[in-house]
Number of protein chains: 2
Amino acid sequence: MRKSDRLFALLQRLKDGRLHTAEALAEAFGVSVRTIYRDMGTLAASGVPVTGTRGRGYAAEASITLPPLNLTETELEVLHLGLAAVGAGAGELPELAEAAESLSAKIDAVLPEEASPEPASFGFAGAAYREAAQGFRHMPVFRAAIRARQKLRVTLKGRDGEQEIRPLEIDYWGRVWTCTAWNETRGAFDHFRIDRVTQLTPLPGLFVDEPGKRLSDYRDRRR
Amino acid sequence: MRKSDRLFALLQRLKDGRLHTAEALAEAFGVSVRTIYRDMGTLAASGVPVTGTRGRGYAAEASITLPPLNLTETELEVLHLGLAAVGAGAGELPELAEAAESLSAKIDAVLPEEASPEPASFGFAGAAYREAAQGFRHMPVFRAAIRARQKLRVTLKGRDGEQEIRPLEIDYWGRVWTCTAWNETRGAFDHFRIDRVTQLTPLPGLFVDEPGKRLSDYRDRRR
DNA sequence: GGGCAACTGACAGAATAATGTCAACAAAGC
DNA sequence: GCTTTGTTGACATTATTCTGTCAGTTGCCC
C-alpha cells in the first residue's frame, strides 16, 4: 500500500465522527504507530482539520480535498469573480459569505504574489457582472412566487409554447438551479432549469393547495 | 536541487513565451536531457499546458498552479455557486462563461462522486442569490454612467456626506470592484469600493472632458 | 531526403523518502 | 498520582523514486 493511498483511507476512516487511537489505526493499516503519527502530521500540514486529543484519540471534521489544479488566468479571474459574487454583502445567511471569504483567503494564501489579481479593464469587469447577473435574472420572481403561491407563465428555451405553472420548489444542483412545479398547461408535474427561462410573467391569481398538485404529492410519486 | 523545485523553475522559464530545447534546459539546470523529457512528462501529467514540437523545442502557456486545498462542504458549495453565477448565460464576453465552465469541469473531474453537489434547500439557493446580487447592485448604474459620462451622487459607508462624482473607470481587483472618479465635491480624484456605496443617484446633467479631470490626468499624476 | 530535436523504453546506480525502533515528554481523565 | 494516548526527536534500515546512459523511433521544417 502506498503512502498516499493510506493517507486517503486514513482520512476516510477518521471522518466517521468517532475517536480512533493511533494504535488501532496502526493495526488496521499494518504499519507502526510512529508512522500513524507521522501521517497525522502530514495530513495536518496539508490543511486537513484533524484533531488529536491526548489520552483519547483522533478525529477529523468532514472536508473535501481538492488535488492540485492548473488554471488559466481567466479561470482564476472567474474564480475570484464568483467568490466575490457570493461573498459580497452579508445577509440572512452569513455562513455563505463567510465560506466565500475563507475560501478566497485560502486561495490567496497559496498563490504566489505575481498571480495576485491585477486590476482588469472596465469592459472585463462590466461584462463579468452582466454574465453573473444573467442566470439569476428570474430568481427573485420565482422565489416570491413560491412564497406567495402565485402562478407563473413561462417560456422555456427548447420547448414550444408557453407553460402556465404553479411553482413549488427551487433546487440547487451545484451549478444549476431548477424549479419543480405543477404544470397547468400539461396537467402534470414539471421540472426545468431556471436559466432556460426566456420569458416570465407572474399571473394575477393565487393558487391554493389541491390534492395531487402539491410538492408532497410530487415527492410521494417519486418513491 | 529537488525535483519539485526544478519543475517549478522549469515552468517559470517555459512561460516566457519563447521556445526552449531540452538540451538548453538540461544544461541550465545541470541535469541530463533525459531528465528534462521526464520532467515534461510529469508537468503534462499534472495538467500543465506544455507543448513540445519535434525539431523546435518546448513552450508553455501561462498558467497558475493551485496546490491541494482542503475545503469544507460549504466552501465547495460556495465555489459551485460562484461559478454558476459567472457562468450562467452567455453574453458579450463568452470567454468568461467558458472559463467558468471549464473550471467547473476541472473541479468536477477531480472530485470523488460522493462530493458531487446534492440539491440544497430552497432557502439556501434563494439566499445565495440574494448574497450574490448584493455586491453587484450598483454595477449597472456605474457602467452606464461611465459610458454616458453621467455624474453621480453617492453616499459611501464610513464617509460622511454625499459625494458628487464623475465616474471614470471601474477596476476589478480580484474580489472587489473599485471606481476611479473625479470627485466634484472635493475637487480631487477619488477611488472607492463599489460595494461600499450605500446610496446612489444618477444626476441629470452630462459632463464633458476637462483638462485635469480626465482619467488620463489621473494616470499621469500617479507616475 | 536530411537535419534537428522531441519522444520512448530499459536498466543500473544514486539519491531521497518512508518506516520501524527506541526513548522521552505532555496533556487529559480517573 | 496513575493510566492512557498523543507528540516529538534521533537514527538505522528499507523501499521507492530519480537520474544518467544508451539505444532507438517519430515528426516537423528546410
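Here is how names work: the chains are called A, B, and so on, in the same order as the sequence lines, proteins then strands, and each is numbered from 1.
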When rounded to the nearest 0.5 angstrom, what distance separates CD1 in B/Ile165 from CZ in B/Phe192? 3.5 Å
Sugar-phosphate, base or nothing in reach of A/Gly57, heavy atoms under 4.0 Å: sugar-phosphate
With distance as the sole test, does A/Lys15 use its side chain to make a donor-acceptor pair with the main-chain N or O of A/Ser63 at under 3.5 Å? yes
D/dG20 OP1/OP2 closer than 4.0 Å to side-chain N/O of B/Ser32: yes
Euclidean distance, atom NZ of residue A/Lys3 to atom C1' of D/dA15 [Å, nearest integer]: 13 Å
Rounded to the nearest angstrom, tell me the gap between atom CE in A/Met40 and atom C1' in C/dA18. 17 Å
Which part of the nucleic acid does B/Val33 contact within heavy-atom distance under 4.0 Å: base, sugar-phosphate only, or nothing? nothing
In whole Å, I'd like the distance from the CG atom of B/Asp5 to the P atom of D/dC18. 13 Å
Assess the residue pair B/Leu69 and A/Val110 against the criterion (side-chain contact (heavy atoms from CB on, under 4.5 Å)); give the C-alpha distance rounded to whole Å, side-chain angles, the decisive distance to 0.1 Å, and a yes or no. CA-CA 9 Å; B/Leu69 287 174; A/Val110 298; 4.2 Å; yes
Among C/dC7, C/dT19, C/dA5, find the nucleotide with the atom closest to the side chain of A/Thr35. C/dT19
Parallel, tilted or perpendicular, as decided by the 30° and 60° cut-offs, for the rings of B/Trp182 and B/Phe189: perpendicular
So which protein N/O to nucleotides 9-12 of chain D N/O distances come out below 3.5 Å?
residue : atom : partner : partner atom : Å
D/dG9   : N7   : A/Arg34 : NH2          : 3.0
D/dG9   : O6   : A/Arg34 : NE           : 2.9

Nearest-angstrom distance from the residue atom CG of B/Asp39 to P of D/dT17: 16 Å
Please confirm whether the shortest side-chain N or O distance from B/Tyr37 to OP1 or OP2 of D/dC18 is below 4.0 Å. no
N/O contacts under 3.5 Å, protein versus nucleotides 26-30 of chain D?
residue : atom : partner : partner atom : Å
D/dT26  : O2   : B/Arg54 : NH1          : 2.8
D/dG27  : O4'  : B/Arg54 : NE           : 3.3

Can you measure from CE (A/Met40) to OG1 (A/Thr51) and round to the nearest 0.5 angstrom? 9.5 Å
In whole angstrom, what separates A/Glu23's CD from C/dT21's P? 13 Å
Can a donor-acceptor pair be found, under 3.5 Å and without considering hydrogens, that links the side chain of A/His20 to the backbone of A/Ala59? no
Estimated bend of the helix from C/dG1-D/dC30 to C/dC30-D/dG1 (axis per five terminal pairs, rounded to 10 degrees): 60°
How long is the span from the OG1 atom in A/Thr42 to the CZ atom in A/Arg6, to the nearest 0.5 Å? 8.5 Å
Please report the distance, rounded to the nearest Å, between CD1 in B/Ile36 and C1' in D/dT21. 16 Å
Using a 3.5 Å distance criterion without hydrogens, assess whether the side chain of A/Arg196 forms a donor-acceptor pair with backbone atoms of A/Arg159. no
CG-NZ distance between A/Leu66 and A/Lys106, expressed to the nearest 0.5 angstrom: 10.5 Å
Below 4.0 angstrom, N of the basic side chain to O of the carboxylate: do A/Asp39 and A/Arg34 qualify? no
Rounded to the nearest Å, what distance is computed from the CZ atom of residue A/Arg2 to the P atom of nucleotide D/dT17? 7 Å
Considering heavy-atom distances to DNA chain C, does B/His20 or A/Arg6 have its closest nucleotide positioned more toward the 5' end? B/His20
Passes side-chain contact (heavy atoms from CB on, under 4.5 Å), B/Glu75 versus B/Thr72? Steps please. CA-CA 5 Å; B/Glu75 283 169 347; B/Thr72 65; 3.3 Å; yes
In whole Å, I'd like the distance from the CG atom of A/Leu43 to the C1' atom of C/dA18. 15 Å
What distance do A/Leu14 atom CG and A/Glu61 atom CD have between them, rounded to the nearest 0.5 Å? 12.0 Å
